[in-house]
Amino acid sequence: MPREACGVLGTEDEGRVVFLAGWVHRIRDLGGITFVDLRDQSGLVQLVFRNIPEAHDLSLEDVIRIKGTVRRRESPNPKLPTGEIEVWVEELEILSKSKALPFPVDSDEPRANEETRLRFRFLDLRRERMQRNLRLRHKICLSIRNYLSERGFIEVETPYLTRSTPEGARDFLVPSRLEPGKFYALPQSPQLFKQTLVISGIERYFQIVRCFRDEDLRADRQPEFTQLDLEMAFLEDPDELFTLIEGLVAHVFREAIEVELEVPFPRIPYAEAMLRYGTDKPDLRFGMEIVDLSEVFRGCGFRVFAEAVERGEVIRALPVPGAAGRSRSELKRLEDRAKELGLGGLVWAKYENDAINSPIAKFVGEELLRRAAEEANAEEGDLLLLAAGPAEKVAEALGALRVELARELDLIPRDSWALAWIVDFPLFKLDEEGRIASEHHPFTSPHPEDIPYLETDPLRVRARSYDLVINGVEIASGSIRIHRRDLQERILKLLGLTEEEAREKFGFLLRALEYGAPPHGGIAFGLDRLVMMLAGESSIREVIAFPKTATGACPLTGAPAEVSEEQLRELHLKIELGDGARP
RNA sequence: GGGGCCGUGGUCUAGGCUGGACUAGGACGCCGGAUUGUCACUCCGGAGAUCGCGGGUUCAAAUCCCGUCGGCCCCGCCA
């Protein structure tokens, strides 16, 4: 007789003889009668043992198989889906014993530190919450595949052993045995391959694909992570993609967590996001919008502000609702935090009891502060935080304060979703050495109107790129690509690559662009982050079956590990440990 | 590369600031016993840690100092 799922048994099965198998989830041994909650993938059911002495020998997490009869319960358990019934066991077979557990697996909250959980990941994953997360991940992937497949997209795999490309993150390298001294690199993303596929006539490509970046880890960053990668031919207007992706995301939210999203999502130009929220990934679940008050304070009696405006710097204000009652020491703490964030200082103004209280009131007058409040939409009972300095620095610092204070004041509504497109990113930025670098990547198409400024004023050139932001988290990023070789070469030259370098690194793409490349564009989602958010988790490690620790190690397998001399010899490698490096 | 928090029986944790009755306490788990309607079963008894590791200060270190290893969070980094 085949075994059946235990978690779906109900009163309709009353009287049936069933064969069940699974793990011993809980044991309640009352002497003459023993209750065991049996767990399999489908859920739990209560087993009843009478006159079966072996039942007293069961341990948590033993794997057993039973034959029994479904009976209606004398006292049902409303907490269990199968709580109306129980199974009276007639035959018990212990398939596999379990040692005493390092931590309980019947708890939703992890009862061990993360390293222990990862070392015993096979047990940690038995916990219902982790099973739920992995199931949710599967559901999301399935709904993505169904949605895209129905719209003519096909999933194509691209190589993991590929060539190293300049720029971007550090590559993971794989030594070549057949070509001594040469290396493959694991892809940071399938960017060039997907563009090549579209040029190859795969007009609608997608892939749920692993990507590798050898950078330091974070709660939302792993060295290997998964992208939903997507590319379409004849995409010239980002709006076409936005509509498709809005449909996709709404579909995923509906299928995975039964949430109806409003479409279309707002579209916010990068410059506006930086001004109003101090970041290119604004959390729109709450207000507290930053306002530029440079003109209000131009020539005012507070010299620090007046001089900053003269220098071309900015004065900006962050309204903090209901925070006028803050104590001096709390305000001091805010100022210290502002300095940590790179500001010279922080000026506050309290709007309380129809009066204005601020250390700069005597310099600028109440009238000016009243105007500031009006512009910043600060009301009775609010606090206004004012900062002066270079636009970028002020934006970034106030943006950080905005999020921190909103959290602190509990202004972020729970179970709410705020999605938005950020558009019109600059094409270039300056790197640490002051050189021109891509903001997105070198294959991003410049905004057609701005192409004339490529050489003359590159930092002013807007890109046809876009990010999708959910609740203040960057969840997807993409662009319309360059599909003409001359423009692509121009951009690579601007980035400081010689023609020779360009041909060596990106030759295959440049060549492909010469043989009838359609206009195209696409987007890539951080799938782990998306699943994390939908699962309500705060680390992507909770939605990855076998993640790595902050040092890139895997406590389960012990990776990374040393290899044998023989392996090194075959790969023509010699290990030389420099200062500070340990074997 | 830098900053912060943490490391105590199998697991989670109290104690640490202010060193001495800490002979390191509790909970869960484990072992033995009792228990025929429990569902986080209950009750009785028991075993189990030289406090991550190394060094230092001190009459005395889980506690203070230095180093080191490991974990977590953040900055840098992540086209």
Side-chain angles (χ1 to χ4, degrees), chain A residues 25-38 44-51 55-57 59-61 71 73-80 82-83 86 88 98-120 123-124 165-171 187-189 191-192 211-223 225 340-342 396 400 404 425 427-429 431-432 435-444 463 465 474 477 479 491-492 495 497 505-506 524 526 538-539 541 547-553 555 580 582:
Chain A
H25 189 65
R26 284 197 187 106
I27 304 168
R28 293 174 294 279
D29 188 345
L30 276 62
I33 186 168
T34 297
F35 299 98
V36 165
D37 292 338
L38 182 74
L44 295 174
V45 74
Q46 173 165 283
L47 306 180
V48 183
F49 294 84
R50 271 186 232 258
N51 307 316
H56 299 295
D57 301 329
S59 308
L60 294 178
E61 295 305 303
R71 299 274 173 93
R73 285 215 206 178
E74 288 171 22
S75 47
N77 181 356
K79 289 187 206 159
L80 278 186
T82 58
E86 61 194 5
W88 289 36
S98 171
K99 290 181 31 170
L101 300 172
F103 51 83
V105 301
D106 63 353
S107 140
D108 233 18
E109 283 311 308
R111 295 284 173 81
N113 68 41
E114 217 175 325
E115 197 199 352
T116 310
R117 289 177 57 203
L118 291 179
R119 200 150 42 90
F120 290 91
L123 291 177
D124 192 42
T165 51
E167 301 196 87
R170 201 175 291 115
D171 283 323
Q188 295 178 26
S189 86
Q191 182 62 37
L192 296 176
C211 302
F212 306 86
R213 294 178 190 177
D214 189 6
E215 298 292 348
D216 286 358
L217 293 86
R218 287 283 192 287
D220 61 353
R221 259 164 45 190
Q222 285 271 308
F225 61 99
E340 251 174 53
L341 292 166
E396 204 178 305
E404 287 171 21
F425 279 84
L427 185 64
F428 299 116
K429 61 180 177 191
D431 68 11
E432 318 83 69
R435 288 176 311 216
I436 296 276
S438 290
E439 174 73 36
H440 185 56
H441 58 54
F443 320 109
T444 303
S465 68
E474 183 200 315
S477 183
S479 63
I491 299 286
L492 291 174
L495 291 169
L497 270 77
K505 309 286 189 190
F506 305 114
S538 49
S539 162
R541 293 189 299 272
K548 300 194 168 44
T549 68
T551 51
R582 292 176 313 105

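In the text below, chain A, chain B and the rest are named by the order of the sequence lines, each starting its count at 1.
Distance, A/Gln46 CD to B/rA40 P: 10 Å, rounded to whole Å. Atom-to-atom, CG of A/Leu30 to C1' of B/rC43 comes out at 12 Å; the value is rounded to the nearest Å. The CG-C1' distance, from A/Leu44 to B/rU38, rounds to 15 Å in whole Å. Computed from coordinates, the A/Phe120 CZ to B/rU11 P distance equals 8 Å when rounded to whole Å. Separating the NE2 atom of A/His441 from the P atom of B/rC78 is a distance of 15 Å, rounded to the nearest angstrom. Atom CZ in A/Phe103 sits roughly 15 Å away from atom P in B/rG10 (whole-Å rounding). One interatomic measurement links the two molecules: CD of A/Glu114 to C1' of B/rG7, which rounds to 15 Å at whole-angstrom precision. In this structure, the CG atom of A/Asp171 is 13 Å from the P atom of B/rC78, given to the nearest Å.
Among the heavy atoms of the strands, none lies under 4.0 Å from A/Glu474. Using a 4.0 Å heavy-atom cutoff across all strands shown, A/Glu115 reaches sugar-phosphate atoms only and no base atom. A/Glu439 comes within contact range of the sugar-phosphate backbone alone, with a heavy-atom separation under 4.0 Å but no base atom that close. Residue contacts shown for A/Asp29 include a base, since a base heavy atom lies under 4.0 Å away. The residue A/Ala437 sits apart from the nucleic acid: no heavy atom pair falls under 4.0 Å. Within 4.0 Å of A/Pro104, counting heavy atoms only, lies no atom of the nucleic acid at all. Residue-level contact check: A/Ser438 touches the backbone only, with heavy atoms under 4.0 Å from sugar-phosphate atoms and none from bases. Contact annotation for A/Arg541: backbone-only contact, meaning every heavy-atom pair under 4.0 Å involves sugar-phosphate atoms and none involves a base.
A/Arg50 places no side-chain N or O within 3.5 Å of a backbone atom of A/Gly32 that could act as its donor or acceptor partner. For the pair A/Ser438 (side chain) and A/Phe428 (backbone), a donor-acceptor distance under 3.5 Å is absent.
Considering only side-chain N and O atoms, A/Thr551 lies under 4.0 angstrom from the phosphate OP1 or OP2 of B/rG71. Side-chain nitrogen and oxygen atoms of A/Lys99 include none within less than 4.0 Å of the OP1 or OP2 phosphate oxygen of B/rG29. Proximity of A/Asn113 to the phosphate of B/rC12: a side-chain N or O atom is located under 4.0 Å from OP1 or OP2. Regarding contacts with the backbone of B/rC41, a side-chain N or O of A/Arg28 is found under 4.0 angstrom from either OP1 or OP2. A sub-4.0 Å separation between OP1 or OP2 of B/rG71 and a side-chain N or O of A/Thr549 is present.
Proximity of A/Arg28 to A/Asp37: side-chain heavy atoms (C-beta onward) are separated by under 4.5 Å at one or more points.
On the C1' atoms, B/rG37 is 13 Å away from B/rU42, given to the nearest whole Å. The separation of B/rG70 from B/rG33, taken at their P atoms, amounts to 44 Å, rounded to a whole angstrom. Going from the P atom of B/rG54 to that of B/rC44 covers 40 Å, rounded to whole Å. For the C1' atoms, the distance from B/rG15 to B/rC78 is 42 Å, rounded to whole Å. When the C1' atom is used for both B/rG3 and B/rG48, the distance is 39 Å, rounded to whole Å. When the C1' atom is used for both B/rC22 and B/rG67, the distance is 27 Å, rounded to whole Å. Between B/rG2 and B/rG9, the distance separating the two P atoms is 30 Å to the nearest Å. A gap of 10 Å separates the P atoms of B/rA62 and B/rA21, to the nearest Å.
Side-chain atoms of A/Arg218 lie closest to B/rC77 of the nucleotides B/rC77, B/rU38, B/rC12. Counting only heavy atoms from C-beta on, A/Arg26 has its side chain closest to B/rA40 among B/rA40, B/rU38, B/rC77. The side chain of A/Ala169 sits closest to B/rC78 out of B/rC73, B/rC78, B/rG37. Set against B/rC73, B/rC78, B/rC39, the side chain of A/Arg213 has B/rC78 as its closest nucleotide. Distances from the side chain of A/Asp37 to the nucleotides B/rU38, B/rC39, B/rG10 place B/rC39 closest. Considering only the side chain of A/Arg73, B/rU38 comes nearest among B/rG76, B/rU38, B/rC30. Residue A/Ala550 places its side chain closer to B/rC72 than to any other of B/rC72, B/rG71, B/rG37.
Annotation for A/Leu118 and A/Pro555: closest pair CB-CG, 3.7 Å, computed over non-hydrogen atoms.
Within 3.5 Å, no donor on the side chain of A/Glu215 pairs with an acceptor on the base of B/rG76, nor the reverse. Taking only distance into account, the side chain of A/Asp216 meets the base of B/rG76 through a donor-acceptor pair shorter than 3.5 Å. Taking 3.5 Å as the limit, the base of B/rG71 and the side chain of A/Arg119 contain no donor-acceptor pair of atoms between them. At a cut-off of 3.5 angstrom, counting only N and O atoms as typed in the model, there is a donor on one side and an acceptor on the other between the side-chain of A/Arg221 and the base of B/rC78. On a pure distance criterion of 3.5 Å, a polar donor-acceptor pair joins the side chain of A/Arg50 and the base of B/rU36.
Aromatic rings from A/Phe35 and A/Phe49 are positioned such that their centres are separated by 6.0 Å or more.
In this structure B/rG29 sits in no base pair that meets the Watson-Crick or G-U test at under 3.5 Å. Remark: B/rC51 base-pairs with no nucleotide; criterion is Watson-Crick or G-U wobble with both hydrogen-bond distances under 3.5 Å. Remark: B/rA14 base-pairs with no nucleotide in the shown strands. Criterion, Watson-Crick or G-U wobble with two distances under 3.5 Å. Nucleotide B/rG70 forms a Watson-Crick or G-U wobble pair with B/rC6, both donor-acceptor distances falling under 3.5 Å. B/rG37: no Watson-Crick or G-U partner with both key distances under 3.5 Å is found in any strand. As the counterpart of B/rC22, no nucleotide is assigned, since no Watson-Crick or G-U wobble pattern has both distances under 3.5 Å.
Rounding to the nearest 0.5 Å places CG of A/Leu60 at 8.0 Å from OG of A/Ser98. Taken from CG in A/Asp124 to CZ in A/Phe103, the straight-line distance is 4.5 Å, to the nearest 0.5 Å.
Side-chain atoms of A/Asp171 and A/Gln188 include a donor-acceptor pair closer than 3.5 Å.
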Next item on the list: May I have the step-by-step check of salt bridge (charged side-chain N to carboxylate O under 4.0 Å, His left out) for A/Arg221 and A/Glu215, ending in yes or no?
Entry: CA-CA 9 Å; A/Arg221 259 164 45 190; A/Glu215 298 292 348; over 6 Å; no
